[in-house]
Structure formats: structure tokens, C-alpha cells
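For ligands, and for the atoms within them, numbers begin at 1 and follow the listed sequence. FYI, side chains are in, hydrogens and waters are out, and symmetry mates aren't considered; it's all heavy atoms of this structure.
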Amino acid sequence: MSLARRLLLRASRSAWLAHQLSERAFFRRAVRRFMPGEDLAAALAVAADLAREGIGSVLTQLGEQVTNRNEAAGVRDHYLRVLEEIRQRQLPAEVSVKVTHLGLDLNPKACLQDLLALAARAATAGSFLWIDMEESRYVEATLKLFPAVRAAHSSVGVCLQAYLRRTPGDLEALLPLAPAIRLVKGAYNESPDVALPKKRDVDAAYAVLAGRLLERAAQGEARAVLGTHDLGLITRLRERALAVGAAPGAYEVHMLYGIRSREQRALQSEGVPVRVLISYGTHWFPWYMRRLAERPANVWFVVRNLF
Ligand SMILES: Cc1cc2nc3c(=O)[nH]c(=O)nc-3n(C[C@H](O)[C@H](O)[C@H](O)COP(=O)(O)OP(=O)(O)OC[C@H]3O[C@@H](n4cnc5c(N)ncnc54)[C@H](O)[C@@H]3O)c2cc1C
């Protein structure tokens, strides 16, 4: 992992830096590249624009590691409202949640009840619930929660991170559930004990894991989502999909709002279903720093907004 990436990921956890930067106008201007606005209305408006172009979306309210149960219940209630908005507006939109935003650290049982309530509402709203994957210390708990929700509802999927050494085993353990899996490379600062430190090894691991997922998707036994902006990798995986008999509609590509917009539309027009993950909310500092770490050149974008 590059020094710049490591420093930015460490900075993402600094409350002092968050306080210093979050109110600065230039920094807030730079954030707008990845986030249409802080409130749900801005996210819904973008989801509606995308829907007019035939592109689906995934909505997520920024936030993680809440410190009291009331806050977690508020997050659950917020997503229940979001799902109701999706239903009323007939949007092709899904939601994605973080288990620590739903209070996993405080009360895992209550967190499970919240996930069950959200998956049930997602089903009645014609939507879908995604569970993000957070730092490696939460993976075990997240992968216990997911099957429990999946046993009650099919409208739920989970994210897996290719950089984790454990992920090949986790994927095999999940496959019998005919799961929906969003495969990503991984966004956190992890030790080499748990995560592959070299980018080229992460890319190679991603290709192998995605290949396995595509084989299952070809048989109708998984919902395969490639959560990546890596166009070379996507091209190779599209060839692999053809080879294993997965038609373009049998897998999806999900990307983040503000990244590779032109390519999102090109993929969609070639028959690959695309969704755009739209983030909103006031708690954007750690998330934004992770976006900078993914491409440290983005820091120049922040600097440009100074002037
Ligand atoms: C839909 C979606 C959901 C995600 N959910 C999770 C999750 O639950 N848990 C988790 O750990 N991670 C999640 N991530 C983040 C993911 O782990 C990676 O950090 C992120 O996607 C960057 O990796 P990449 O696959 O795009 O490949 P990279 O090799 O990092 O990037 C490929 C190319 O994409 C472009 N690019 C990538 N990132 C940026 C950026 N920030 N700004 C500008 N250009 C960029 C660059 O041109 C780069 O060369 C998610 C990503 C997506 C797209």
C-alpha cells in the first residue's frame, strides 16, 4: 500500500482533522464531486435522473460506529423512510447499510432485528437491502448476521472484500445460500496479516473471486455484483462471464456516484445492468478520506478548490 494511501486512511480516523476540515468551504466544495448533497432529497433527485437513463441506484446514508442505541434506532427508522420513498416514487433504487451504523458494537441482537425489519420493508417496497463490509474486525459478525437475515428474506445481499485473506473461504461458505454478493477490492487500512498489501495481488484475488461468483450467477445460483471502477478488470471479467455462460444481464456493475460516469452509461447501453451508489448525509469525513485514499491524485482536486 502506498504511503499516501496509508496516511489518508489514517487521517480518515482523526476526529481532530474531521473537525478542522469539515466546515471549510473549499473542502465541502471538493466533497460535492462524490456526493450530490447532504440530505436524502438530493440523493433521491439523482436516483430519479439516473432512472430516466435506465440506470439503477443504491442509496446510503453516511455514518458508522454509532455510540448509543437511540442513534442506531434513528438510522433504522431513516432507512425505513427511504424504502417508503423508493416505493412511492417507484424508483429502481436499493439501499446499503453499515452494521456499525445500526449499532452492532452496542447490541448485536438489536442490530439483527433492525436488519430483518429493513429487509422485510425492502421486499414490500420492491427494493433490496445491501450490507456493506467494514473493517476486518467486523467481518466475522457481519457474516453471522447476513445468513440470519437471508434465511428470512431473499431481498438482502452482502459485500465481500477481495483484499482480505479470508475472503475465498467466506465466499465458498456463502455460496450454498444462493447469495447476492457485491465484490469490492476493500477500502480500509488493514494489516498485512489480514489483507493483501500489494495492489496487484488484490486485483488478482478479485479476478479469481469474481470468476467463481460469475460461474454461480451463470447457473442462476447467485446475484453477482462487480463493485469496481477498474475498467480493465471489468473487460476481462466480461470475457470470463461469456466463457462460463453468464450473459451480460446475469451480472451487474456497481460504481460510486461521481466516478466513471461516462463508462457507467456505456456499460448500461451494452446490456450490463449498472447501479450507482449514491451517498448522502452529514457524517462524510471518514468516507471522503477513503475516496481520496483510493486515488491520492484526488487530493489535487481538493487543492484546486482552495482557489
Ligand atoms: C458500489 C461500491 C460499493 C462499495 N462498498 C464497499 C464496502 O462495503 N466496503 C469496502 O471496504 N469498500 C467498498 N467499496 C470501495 C472499494 O473497496 C474500493 O475501495 C473502491 O471501489 C476503489 O477500488 P476499484 O475497484 O475501483 O479499483 P482501483 O484499482 O482502486 O481503481 C480503478 C480505477 O478507478 C478509478 N477510481 C477508483 N477509485 C477512485 C476514486 N476514489 N476517485 C477517482 N477515481 C477512482 C481510477 O481511475 C482507478 O485507476 C465500494 C465500491 C463500490 C464501487
Exactly one candidate in H254, M255, R182 meets side-chain contact (heavy atoms from CB on, under 4.5 Å) with L277; the answer is R182
Just one of T228, I234, V225 clears the side-chain contact (heavy atoms from CB on, under 4.5 Å) bar with V253, so which one? I234
For A241, which residues count as a side-chain contact (heavy atoms from CB on, under 4.5 Å) partner, sequence neighbours excluded? L214, A246, Y251
Holding to ring pair (Phe, Tyr, Trp, His ring centres under 6.0 Å), I want the full list of residues that pass it with F128, two or more places apart in sequence or in another chain. W130
Evaluate R290 against E64 for salt bridge (charged side-chain N to carboxylate O under 4.0 Å, His left out), listing each step before the verdict. CA-CA 13 Å; R290 291 199 289 273; E64 50 203 285; 3.3 Å; yes
Under a 4.0 Å heavy-atom cut-off, which residues neighbour ligand 1? R33, F34, D132, M133, C159, Q161, R182, V184, K185, G186, A187, Y188, K199, G227, T228, H229, D230, H254, M255, L256, I259, R260, L277, R291, E294, R295, N298
Can you run down the ring pair (Phe, Tyr, Trp, His ring centres under 6.0 Å) pairs that involve residues 64-99, sequence neighbours left out, and say none if there aren't any? H78-Y280
